[in-house]
Amino acid sequence: MTNMKKFITLISTLAVVWCCWSSCDTPTGKTSDVAVQGSDADLPWYKKTYRWAQTNFTEDDPVKADIEFWRKQWRRTKTQGVIINCGGIVAYYPSKLDLQYRAQYLGDQDFFKRVSDAAREEGIVVIARMDINRATKEFFDAHPDWFCRRKNGEPIITSDRYITCINSDYYKVFIPQVLTEIIENYHVKGFADNSWKGLGRNQICYCDNCKKKFKDQHGHDLPEAVSWDDPVYREWVRWGNECRLENWILYNEVAQKVGGDDCLWLGMSPLGSIDLKDLKKHTKMMFSDHQGRGDLGFEENSIYGTMVSMAFDEQIINAESMANYIRGARTFRLGSNPKEETRLWMISGIAGGISPWFHHIGGSQNDSRQFETPVPIFQWHADNEQYLYNRTDLANVAVIWSQDNSDFYGRNQARERVSLPLNGFSRALSRYRIPFLAVNVMDIGKYAPRINTLVLPNVAIMSDQEVDMVCDFINKGGNIVVTGVTATLDGDGQPSGNDKLWKALGLSRTGETKGAIGAVDTGWDAAGAHNYLRLPPKSNRHEILAGFENTDMLPFGGGIQIVNSNSTLKPLLSYIPPFPIYPPEFSWIREEEPDTYPIFAGTLPGGGRAVYFAGDIDRCYGRALLPDHGILLANAVEWASGGKLPLSLEGPGYIECKLYGQGNRRIIHLVNLTGSDRAGFLDEFIPVGPYTLTVDAQGINPKSAYMTVQKKKAPMKIQDGKISVTVDRIMDFEMLVIE
C-alpha cells in the first residue's frame with residue numbers, strides 16, 4: 001500500500017512514456033519480432049492511415065478559404081487522411097440532386113473537388129464529410145413523408161431545418177443516391193457523418209414510417225410518451241438501435257458496391273445509439289466525435305480509447321475528432337482553445353490507442369493560434385508511429401462497463417446510477433497509477449486469461465451468461481471487486497432473481513438501504529448526506545485501510561446496501577448515520593451503527609480475493625473526488641490483485657500510466673495530468689519529477705530504455721525480475737520504449 005500513502009492530492013496531467021530498449025541513443029526501430037502495422041504498402045488505407053485532419057468548412061469558404069495554407073498545414077502535421085465537407089445538409093459540389101442544399105457561396109464552382117484534388121496531390125486519403133439529419137423547407141415540401149413528426153403531426157424543426165426520419169426514404173433512398181453520386185464523381189475512400197443517428201431517446205418520432213415499421217416488427221403502437229417504466233418504450237429504444245444499425249449496414253453496402261470493398265461509410269460516435277458489441281462485424285475502423293473532457297477530466301480520452309479497442313480489436317484504428325476551437329461553459333467556434341488544453345486531450349487519447357485528428361471550424365485564419373497546436377504532437381506521432389500500433393495492452397485489471405446497464409438501469413438517471421460509479425473507479429485507478437482495461441461485460445470471457453482482477457462498478461444489469469462468466473473467473477482463482485447492486489437486474493432493468501454471483505461471494509441481499517441513496521442535495525448543508533465511516537481500532541485494520549493511520553473516521557456522504565455475509569467476506573469498518581451539519585454547535589455524532597457495514601473483503605473458496613463495496617464510495621468519488629474515497633478504491637484493487645500489478649511509479653504529481661507490449665518490447669505512456677483537474681481551462685503545464693518506474697520483466701531481457709519525448713536514454717537496471725527505469729522530468733508527457 002506504499003503507493004496509496006504517497007498520493008493524496010488530486011491533480012491531473014497527461015504524459016505518454018514509451019519504453020524502448022536499444023544499445024544506441026535512439027530506438028533501433030527493429031521489427032524482427034513484430035510486424036509493424038502499416039509497413040506493408042499493400043495494406044488498405046484504413047489499416048495504415050494514422051493521422052487525420054479536418055477543416056469543417058463553412059458556407060462562405062468557397063470564396064474565402066486559402067487552400068494553399070491547408071496544404072502547408074497538412075505537410076507540417078504529416079497528415080495522412082482528411083475529412084472534407086461534401087454533401088448532406090450542405091453540398092460543396094454541384095450536385096445533380098436538385099433538393100440537396102448548396103453552400104450559399106458555392107456559385108458555379110466545385111469546392112469539394114478543389115480541396116480533395118489538393119489533398120490527393122499531397123498523397124492524402126480523402127474522406128467525404130456528411131451530415132444527413134436535417135434538410136430545408138423546400139425539401140420538406142417536396143417529401144413531407146420523409147421527416148420526423150410530433151405526436152400531433154407537426155414536423156420537428158431545429159434552426160429552420162426539418163429533422164429527417166431514419167426510417168424514411170430520405171435515409172433509405174435519397175442518401176444512397178448522394179453516396180453513389182459522390183463516389184462516382186470523386187472516388188472518395190469513404191464517408192464520415194457526425195449526425196446520422198436521428199432523434200435521441202428523449203423524443204419519439206410519430207411519422208407514418210415509424211408507426212408502420214414498429215407495428216409490423218414488434219406488434220405495438222408507438223409508445224405514448226418517453227417513459228422507462230413503459231415496456232413498450234424500452235422495446236422502442238432497442239428498436240431504434242436496430243434501425244440505426246440497419247442504416248449503417250445499408251450505407252456500407254452502397255459504398256462498397258459502388259466504390260469497391262475498401263470504400264467505407266463510417267458514421268461517427270455510435271456509443272449510445274448502437275452498442276459497440278453489435279457493431280463489431282460491421283466496421284473495419286472507427287471514427288469518433290469525442291471532443292471535450294467531461295466528469296472524468298483528460299484521462300477520459302485514454303479510457304475511451306481503451307474501451308473501443310477492447311470492444312473491437314486492439315489493432316483497429318480509432319480516429320477521433322479533437323477540437324482546436326474553444327469548448328467549455330461557453331463554446332466559441334472560431335476561437336483558439338488554449339494549446340495546453342487541446343494538446344493534453346490529444347496526448348491522453350494517443351496513450352489510450354486513439355489516432356489523432358485535428359479539427360478546426362472554418363477555412364479562414366481569424367485566430368491563427370490554434371493552427372500551431374497540433375503540429376508538435378502530430379510530428380512526434382509520425383516519428384514514433386511504429387510503437388503506437390500493433391501492440392497489446394498489458395494491464396491486468398479490468399473495469400467492466402455495459403451499454404445495456406447505462407440504458408436500461410441508468411434510464412433517466414444514467415449519470416447517477418451508472419456513470420458516477422464507473423467514473424469513480426476509473427478516476428481512482430488512473431489517479432493512483434494502476435493501469436486498467438475498460439472491458440465490455442460481454443467480453444469478460446474473451447479477456448479472462450489476461451485479467452488478474454475484475455472490477456464491477458454497479459453493473460446492475462447482467463445476463464445469466466455474463467454472471468456465469470464472472471463466476472467461472474472467480475472459481476478459477478480470479479480476484480474481484482464489486483459494488484452496489486451489481487448482477488441483480490435482467491436486460492429490461494427488472495429484478496433478475498439470479499443470485500449466483502452473490503452466493504459465490506458468500507453474501508445475501510436484504511433489499512434494505514441506509515444513508516443517501518441516489519441523487520443527493522449538492523448544497524453544503526445537506527444533512528442527509530452528512531454521514532461517516534467508522535474505522536476499527538488501529539491494531540485491527542485491514543490493508544485496504546492503509547494510509548488512514550491518523551484518523552478513526554472518514555467522511556462518506558453516500559448510501560449503503562444492507563447485506564448479510566456468511567463470513568467468507570468480513571466487514572472492514574462500520575457506519576455513522578447522518579447528523580446536523582449546521583449550525584456548527586449541533587454538528588456532533590448522535591449515534592453509531594456498529595452492525596452496518598459499508599465494505600467487506602476476504603478470500604474466496606477458489607483462492608481469489610474479493611472486495612464488496614456495499615457503500616457507494618465509487619459513486620461518491622465520481623461525484624466529489626474526495627481523495628479519501630479514491631484511496632479506498634485504489635487500495636481495494638491493489639489488495640485484491642495480491643500485489644501482482646504489472647507497473648508501479650514512484651514520484652510526485654498526477655501521472656496516468658499505460659503499459660503495452662510489442663513482442664519483447666515494452667511501451668509505457670506516462671501522462672502528466674498534474675493541475676489539470678482545476679475548474680476552467682488548462683493553460684500551463686506543471687513539470688514534475690523525478691520518477692522511478694518499475695515494470696515486471698515477464699521473461700524479457702532488455703538492453704536499454706529510451707525516452708521518445710526528451711530523445712535520450714533513461715537509466716535502467718534489472719533486478720529480481722523487475723525492470724527499473726529513472727525518468728528525470730516530465731513536462732506534458734513522456735514515452736518510454738524498452739527493448
I'd like to know if the side chain of [X] and the backbone of [Y] have a donor-acceptor N/O pair within less than 3.5 Å.
{"X": "Asn337", "Y": "Asn324", "answer": "no"}
{"X": "Gln386", "Y": "Asn384", "answer": "no"}
{"X": "Thr306", "Y": "Ser302", "answer": "yes"}
{"X": "Thr283", "Y": "Met285", "answer": "yes"}
{"X": "Tyr304", "Y": "Glu299", "answer": "no"}

Could you check whether any side-chain heavy atom of [X] comes within less than 4.5 Å of a side-chain heavy atom of [Y], counting everything from C-beta outward?
{"X": "Val727", "Y": "Pro690", "answer": "no"}
{"X": "Leu394", "Y": "Lys658", "answer": "no"}
{"X": "Ile655", "Y": "Arg433", "answer": "yes"}
{"X": "Ile451", "Y": "Asn396", "answer": "no"}

Legend entry - Set of side-chain contact (heavy atoms from CB on, under 4.5 Å) partners for Thr726, sequence neighbours left out: Pro715
Less than 6.0 Å separating the ring centroids of [X] and [Y]?
{"X": "His360", "Y": "Tyr325", "result": "no"}
{"X": "Trp74", "Y": "Phe378", "result": "no"}
{"X": "His542", "Y": "Trp639", "result": "yes"}
{"X": "Trp52", "Y": "Phe358", "result": "no"}

For the [atom1] atom of [X] and the [atom2] atom of [Y], what is their distance to the nearest 0.5 Å?
{"X": "Trp45", "Y": "Ile124", "atom1": "CH2", "atom2": "CD1", "result": "14.0 Å"}
{"X": "Ile400", "Y": "Asn405", "atom1": "CD1", "atom2": "CG", "result": "11.5 Å"}
{"X": "Met322", "Y": "Ser355", "atom1": "CE", "atom2": "OG", "result": "8.5 Å"}
{"X": "Leu659", "Y": "Arg391", "atom1": "CG", "atom2": "CZ", "result": "10.0 Å"}

Inset, instruction - Inspect the surroundings of NZ in Lys446 and state if more than 12 heavy atoms from other residues, nucleotides or ligands are less than 6.0 Å away. - result: yes
Inset, instruction - Could you verify whether a donor N or O on one side chain and an acceptor N or O on the other, from Gln710 and Asp728, lie under 3.5 Å apart? - result: yes
Between [Y] and [X], is the closest basic N to carboxylate O distance under 4.0 Å?
{"X": "Asp367", "Y": "Arg369", "value": "yes"}
{"X": "Asp618", "Y": "Arg623", "value": "no"}
{"X": "Arg619", "Y": "Asp616", "value": "yes"}
{"X": "Arg51", "Y": "Glu385", "value": "yes"}
{"X": "Lys339", "Y": "Glu372", "value": "no"}
{"X": "Lys280", "Y": "Asp313", "value": "no"}

Inset, instruction - Mind telling me whether Tyr50 and Tyr389 have parallel, tilted or perpendicular rings, with 30° and 60° as the class edges? - result: parallel
Legend entry - Set of residues satisfying side chain to side chain donor-acceptor pair (under 3.5 Å) with respect to Gln73, sequence neighbours excluded: Arg76
Show me the side-chain donor-acceptor pairs of residues 418-426 shorter than 3.5 Å, one per line, residues at least two apart or across chains.
residue : atom : partner : partner atom : Å
Asn423  : ND2  : Ser419  : O            : 3.4
Ser426  : OG   : Leu422  : O            : 2.9

Legend entry - Nearest atoms (heavy-atom pairs only) where Leu682 meets Ser676: CD1-CA, 4.1 Å
